[in-house]
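Comments concern the structure below.
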Amino acid sequence: MQQLAATAAELDFHSETYKDAYSRINAIVIEGEKEAHENYIRLAELLPEHQEELIRLSKMENRHKKGFEACGRNLQVTPDMQFAQEFFAQLHQNFQKAAESGNVVTCLLIQSLIIECFAIAAYNIYIPVADDFARKITEGVVKDEYSHLNFGEVWLKKHFEESKTELEQANRQNLPIVWKMLNAVENDAHTLAMEKEALVEDFMIQYGEALSNIGFTTRDIMRMSAYGLTA
Ligand code: Y39
Ligand code: FE
Ligand code: FE
Ligand code: FE
């Protein structure tokens, strides 16, 4: 009954059950950081006036990746990178397609809003239940993720009127994918004492706040948030 073992106080970071779940969650985070690193390099090409800042963000993502690789090694876990690539495949593909078409608004929605909010939610929920080594790493990382989210918010706020339609359509296309990803990781997250309900709640708070900061009304946000709830 591994499903019952997941309260923070009962976690055994060295149990086979924990390490098996960690091999997938750790891989997801490593793959996510790797793709985020690549995505910010791509965004730097698409937004040459922000090249320096975006390259700086991409380097932060690469450092995050190294930090989480160390977390896996610390627990003697081999990350399941194949699983992680499949986990991100749909969002990854949508980002690539948007980048090829020069749809920078869609790229920013996928990386700087959706993926960053997902990361912030996951890391906030993970920190209280992480092993000591991983907690210190993750506390440093999550601060950076807020600054990545902020980059997207500031740019999209500045270009809100001309981006609105593309943002709504990119939200409609990509938000359902996030719910599928959460479902795919729900059991493993539970084994690490990370509850899906908490992840969903934190994600929606971050994402709703981001949409509000960009310029969407509460009514818009309600409508946009409803996409994918059935996924
Ligand atoms: O911007 C970033 O650094 C984001 C790439 C990292 C995404 C991490 C995704 C974490 C999802 C973990 C789900 C665990 C329940
Ligand atoms: Fe539980
Ligand atoms: Fe990161
Ligand atoms: Fe980030």
Side-chain angles (χ1 to χ4, degrees), residues 6 11 18 20-44 53-72 77 79-81 83-92 94-95 107-130 134 137-155 174 177-204 206-207 210:
L11 287 176
Y18 189 92
D20 175 60
Y22 205 80
S23 73
R24 286 177 294 277
I25 304 270
N26 183 234
I28 286 168
V29 170
I30 292 167
E31 177 67 20
E33 297 293 355
K34 172 182 171 277
E35 293 187 16
H37 166 74
E38 294 165 357
N39 290 349
Y40 280 110
I41 292 173
R42 198 77 179 87
L43 279 162
E53 186 173 8
L54 286 162
I55 293 298
R56 193 172 61 81
L57 302 192
S58 82
K59 287 179 180 160
M60 292 161 96
E61 303 295 20
N62 204 41
R63 276 199 299 278
H64 298 169
K65 172 173 167 268
K66 288 181 181 152
F68 289 123
E69 284 169 342
C71 294
V77 166
D80 184 345
M81 298 312 296
F83 176 86
Q85 278 172 25
E86 285 162 21
F87 181 81
F88 274 106
Q90 277 186 288
L91 276 190
H92 183 67
N94 287 351
F95 183 95
C107 289
L108 283 171
L109 178 115
I110 293 173
Q111 174 59 49
S112 298
L113 300 191
I114 286 186
I115 297 179
E116 298 295 352
C117 286
F118 195 21
I120 289 168
Y123 298 160
N124 278 337
I125 302 300
Y126 178 53
I127 284 168
V129 295
I137 303 258
T138 310
E139 281 169 346
V141 168
V142 75
K143 290 196 192 94
D144 290 347
E145 307 303 1
Y146 282 104
S147 77
H148 304 171
L149 172 60
N150 186 256
F151 176 89
E153 287 176 351
V154 169
W155 194 96
N174 291 287
I177 298 173
V178 174
W179 305 132
K180 284 190 212 152
M181 291 164 81
L182 273 165
N183 289 339
V185 85
E186 176 178 4
N187 288 341
D188 287 330
H190 186 85
T191 301
L192 272 52
M194 300 166 69
E195 296 300 337
K196 184 188 171 192
E197 292 71 23
L199 291 163
V200 169
E201 180 180 319
D202 207 273
F203 175 85
M204 282 320 303
Q206 305 297 337
Y207 190 60

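Indexing begins at 1, ligand by ligand and atom by atom, following the structure's order. Owing to the predicted nature of the structure, the values given are computational and were not obtained by experimental measurement. Computation of the quantities below employed the complete heavy-atom set of this structure, encompassing side-chain atoms and omitting hydrogens, waters and symmetry-equivalent molecules.
- For ligand 1, the atoms sitting less than 4.0 Å from at least one non-hydrogen atom of Glu145 are 1 (O), 2 (C), 3 (O), numbered in the order shown with element in parentheses.
- The shortest contact between atom 9 (C) of ligand 1 and any protein heavy atom is with Phe88 CZ, 4.0 Å.
- Closest to the Fe ion (ligand 3) among the N, O or S atoms of Glu33 is OE1.
- Among all heavy-atom pairs drawn from Ser147 and Met60, the shortest one is OG-CE, 3.9 Å.
- Within ligand 1, counting atoms from 1 as listed, the ones closer than 4.0 Å to a heavy atom of Val185 are 15 (C).
- Residue contacts to the Fe ion (ligand 4): Asp144 brings no N, O or S atom closer than 2.8 Å.
- From the protein, the heavy atom lying nearest to atom 7 (C) of ligand 1 is Ala119 CB, 3.8 Å.
- The closest side-chain donor-acceptor pair between Asp202 and Gln206 falls under 3.5 angstrom.
- The closest donor-acceptor contact from the side chain of His190 to the backbone of Glu195 lies at 3.5 Å or more, if one exists at all.
- Between Tyr40 and Lys59, the closest side-chain pair of non-hydrogen atoms is not below 4.5 Å.
- Of the charged side-chain nitrogens involved, at least one lies within less than 4.0 Å of a carboxylate oxygen, so that Glu69 and Lys65 count as a salt-bridged pair.
- The shortest heavy-atom contact between Val77 and Tyr22 is CG1-C, 4.0 Å.
- Close approach to Ala36 involves these atoms of ligand 1, each under 4.0 Å from a residue heavy atom: 1 (O), 2 (C), 5 (C).
- Counting the atoms of ligand 1 from 1 in the order shown, those under 4.0 Å from a heavy atom of Ala122 are 12 (C).
- To the nearest 10 degrees, the Fe ion (ligand 3) sees ND1 of His64 and OE2 of Glu145 at an angle of 90°.
- Residue contacts with ligand 1, taken as heavy atom pairs separated by less than 4.0 Å, involve Tyr123 solely via side-chain atoms from C-beta onward.
- A centroid separation of less than 6.0 Å is found between the aromatic rings of Phe68 and Tyr123.
- Inter-residue side-chain proximity for Asn150 and Tyr146 is flagged as unmet; no heavy-atom pair is nearer than 4.5 Å.
- Residue side and main chain included, His148 places an N/O/S atom under 2.8 Å of the Fe ion (ligand 4).
- Contact atoms of ligand 1 toward Gln111: 1 (O) (distance under 4.0 Å to a heavy atom of the residue).
- When every heavy atom of Pro128 is checked against every heavy atom of Asn124, the shortest pair comes out as CD-O, 3.2 Å.
- In summary, the atoms of ligand 1 found under 4.0 Å from a heavy atom of Glu61, numbered by their order in the structure, are 1 (O), 2 (C), 3 (O).
- If you number the atoms of ligand 1 from 1 as listed, the ones under 4.0 Å from a heavy atom of Glu116 come out as 1 (O), 2 (C).
- Given atom 4 (C) of ligand 1, the protein heavy atom at minimum distance is Ile115 CG2, 3.5 Å.
- To the nearest 10 degrees, the Fe ion (ligand 4) sees OE2 of Glu116 and OE2 of Glu61 at an angle of 90°.
- Contact of the His148 side chain with the Glu61 side chain is registered, since non-hydrogen atoms from C-beta on lie closer than 4.5 Å.
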